[in-house]
Amino acid sequence: MSDRAPQPVDRQLPTEEARDLISLVREIAQREIAPHAAEEEDAGRFPRDLFGLLSESGLLGLPYDSEHGGGDQPYEVYLQALEELAMARLTVGLGVSVHTLACHALANYGTKEQQVEHLPAMLGGGLLGAYCLSEPSSGSDAASLRTKAVRDGDDWVITGTKAWITHGGIADFYTVMARTGGEGARGITAFLVPGDAEGLSAAAPEKKMGMKGSPTAQLHFDGVRVSDRRRIGDEGQGFAIALSALDSGRLGIAACAIGVAQAALDEAVAYAVGRQQFGRPIADFQGLRFMLADMATQIEAGRALYLCAARLRDAGRPFSKQAAMAKLLCTDAAMKVTTDAVQILGGYGYTADFPAERYMREAKVLQIVEGTNQIQRMVIARHLAGPESR
């Protein structure tokens, strides 16, 4: 096939510091991540040592304040770094996104004392986080969660089960939403739970069609006791905190989706240029050329939309609608682009000898996590037409 190397994405970055940062991310991605991605995904191995390197390199706290060990980077830069990581391996890109999501509550709603005590280790101390909202019976309807936290003196005792937790069983800390009051959204409170808390256990990781190297598991809270000093925000504020985190997290998923799509396009272009049929490269045939053009256009459109939403966020303006739009468009584009990449590679695309089939399997989950794309359409419609009638 072709030895043609993909060209780096031509990025619009706001500062020289940001350009240096993206160069660092690309170097790590090309040297440490991409060469091992296929083998480790096939074996279901999570690259925990690599996350230690990312932490040492300052890449696990990019959008947070340097006062607590963060990188002081705007979201438009952080998301492009995330895209570069996902391009090399989605398990890594999504892992960084989930860790960033897990830090959101404390960084934005914690007290000064809590931030000083916990954030430095969370952002740059080698720790890995997870975000716990979904449950076996409450996914899209997250406000109906049943995990309970009952006050006992200066402590809270948490009992229940969380589901679909990325990094479940291996995380050092969990941002957990639990019910402390009545039914509905106003009865939920957020807590920061240590990964080694007594009474906390993880089920066996789910057997998934893609992202096999990223553990996804149920978490069981059997009377897990945490101090009130680990409660984040006010009692009853947890659901609002969770939704605030998800607005930002959806941008992370959008960036990861574009990373996977870009990797699939690069693979498809290289194959089409090098594969000879009927005496010439298949890239000469108009049908395939048009497919490649459509794939590239979808990627550029998705990238522009997630960056538009990120710049709104960076400017302190509302961005919830644009975040939902970006998550919807980018993940649907990733599914289409990766499927087309498999088609362009033909029979080879259906084999594990080429990464196209892995990209397609991985793209599917991005249409589901952090709010299915059906939920994104509901969010967008509410911004346009108001809440649904009851």
Min side-chain heavy-atom separation [X]-[Y] under 4.5 Å:
| X | Y | answer |
| --- | --- | --- |
| Leu251 | Lys327 | no |
| Phe173 | Val193 | no |
| Arg311 | Arg317 | no |
| Trp164 | Glu206 | yes |
| Glu84 | Pro8 | no |
| Val9 | Arg303 | yes |
| Met295 | Ile344 | yes |

Can a donor-acceptor pair be found, under 3.5 Å and without considering hydrogens, that links the side chain of [X] to the backbone of [Y]?
| X | Y | value |
| --- | --- | --- |
| Gln262 | Gly259 | no |
| His68 | Glu117 | no |
| Arg179 | Gly182 | yes |
| Thr111 | Gln114 | yes |
| Ser55 | Phe51 | no |
| Arg48 | Ile170 | yes |
| Asp314 | Tyr75 | yes |
| Gln115 | Leu119 | no |

[Y]/[X] salt bridge by N-O under 4.0 Å criterion:
| X | Y | value |
| --- | --- | --- |
| Arg313 | Glu76 | no |
| Arg229 | Glu113 | no |
| Asp332 | Arg377 | yes |
| Lys212 | Glu41 | no |
| Asp228 | Arg151 | yes |

Item to complete: Apply the test side chain to side chain contact (heavy atoms under 4.5 Å, CB included) to residues Leu246 and Leu133: give CA-CA distance (whole Å), side-chain angles for both, the deciding distance (0.1 Å), then the verdict.
Response: CA-CA 10 Å; Leu246 285 175; Leu133 177 62; 4.0 Å; yes
Worksheet item: Under the salt bridge (Lys or Arg N to Asp or Glu O under 4.0 Å) rule, what pairs show up with a residue in residues 333-358, not counting sequence neighbours?
Response: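 Residue pairs with at least one partner in residues 333-358: Lys336-Asp340, Glu357-Arg361, Arg358-Glu362.
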Practice prompt. Determine which pairs satisfy salt bridge (Lys or Arg N to Asp or Glu O under 4.0 Å) with at least one residue from residues 58-72, sequence neighbours left out, and list them in order.
Written response: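 Residue pairs passing salt bridge (Lys or Arg N to Asp or Glu O under 4.0 Å), neighbours aside: Glu67-Lys112.
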Discussion item. Checking Thr339 now: which residues fulfil side-chain contact (heavy atoms from CB on, under 4.5 Å) with it, not counting sequence neighbours?
Written reply: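 Thr339 satisfies side-chain contact (heavy atoms from CB on, under 4.5 Å) with Met335, Met360 only.
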Heavy-atom pair with the smallest gap, counting every atom of [X] and [Y]:
| X | Y | result |
| --- | --- | --- |
| Val273 | Pro281 | O-CB, 3.4 Å |
| Ala130 | Ala171 | CB-CB, 3.9 Å |
| Gly126 | Asp172 | O-OD2, 4.1 Å |
| Ala88 | Ala37 | O-CB, 3.6 Å |
| Thr180 | Gly236 | OG1-N, 4.2 Å |
| Thr166 | Ser214 | CG2-OG, 3.7 Å |

Is a donor from one side chain sitting under 3.5 angstrom from an acceptor on the other, for [X] and [Y]?
| X | Y | value |
| --- | --- | --- |
| Tyr109 | Ser244 | yes |
| Asp141 | Ser144 | yes |
| Arg186 | Gln237 | no |

All N/O donor-acceptor pairs, side-chain side in residues 217-226, below 3.5 Å, sequence neighbours left out:
residue, atom, partner, partner atom, Å
His220, ND1, Thr161, OG1, 3.2
Arg225, NH1, Asp152, OD2, 2.9
Arg225, NH1, Asp155, OD2, 3.3
Arg225, NH2, Asp152, OD2, 2.9

Worksheet entry | Near-ring test Phe46/His167, centroid separation under 6.0 angstrom |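 Centroid separation for His167 and Phe46: below 6.0 Å.
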Worksheet item: So, Phe191 versus Tyr174, ring centres under 6.0 angstrom or not?
Response: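 Not close enough - the centres of the two rings lie 6.0 Å or further apart.
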Within 6.0 angstrom of [X] [atom1], more than 12 heavy atoms from elsewhere:
| X | atom1 | answer |
| --- | --- | --- |
| Lys321 | NZ | no |
| Arg146 | CZ | no |
| Arg280 | CZ | yes |
| Gln276 | CD | yes |
| Glu32 | CD | yes |
| Glu388 | CD | yes |

Item to complete: Report the residues that fulfil side-chain hydrogen bond (donor to acceptor under 3.5 Å, both in side chains) with Thr147, sequence neighbours left out, ordered by chain and then residue number.
Response: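 Scan of Thr147 (side-chain hydrogen bond (donor to acceptor under 3.5 Å, both in side chains), adjacent residues dropped) gives Glu135.
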Worksheet item: Under the side-chain hydrogen bond (donor to acceptor under 3.5 Å, both in side chains) criterion, do Lys162 and Ser134 qualify, and how do the steps go?
Response: CA-CA 6 Å; Lys162 292 294 181 180; Ser134 294; over 6 Å; no
Worksheet item: Is the Phe354 ring parallel, tilted or perpendicular to the Tyr271 ring (thresholds 30°, 60°)?
Response: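 Phe354 and Tyr271: perpendicular rings.
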Worksheet item: What ring-ring contact (aromatic ring centres under 6.0 Å, His included) pairs are there with at least one residue in residues 279-333, not counting sequence neighbours?
Response: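 Checked against ring-ring contact (aromatic ring centres under 6.0 Å, His included) - neighbours excluded - no pair reaches residues 279-333.
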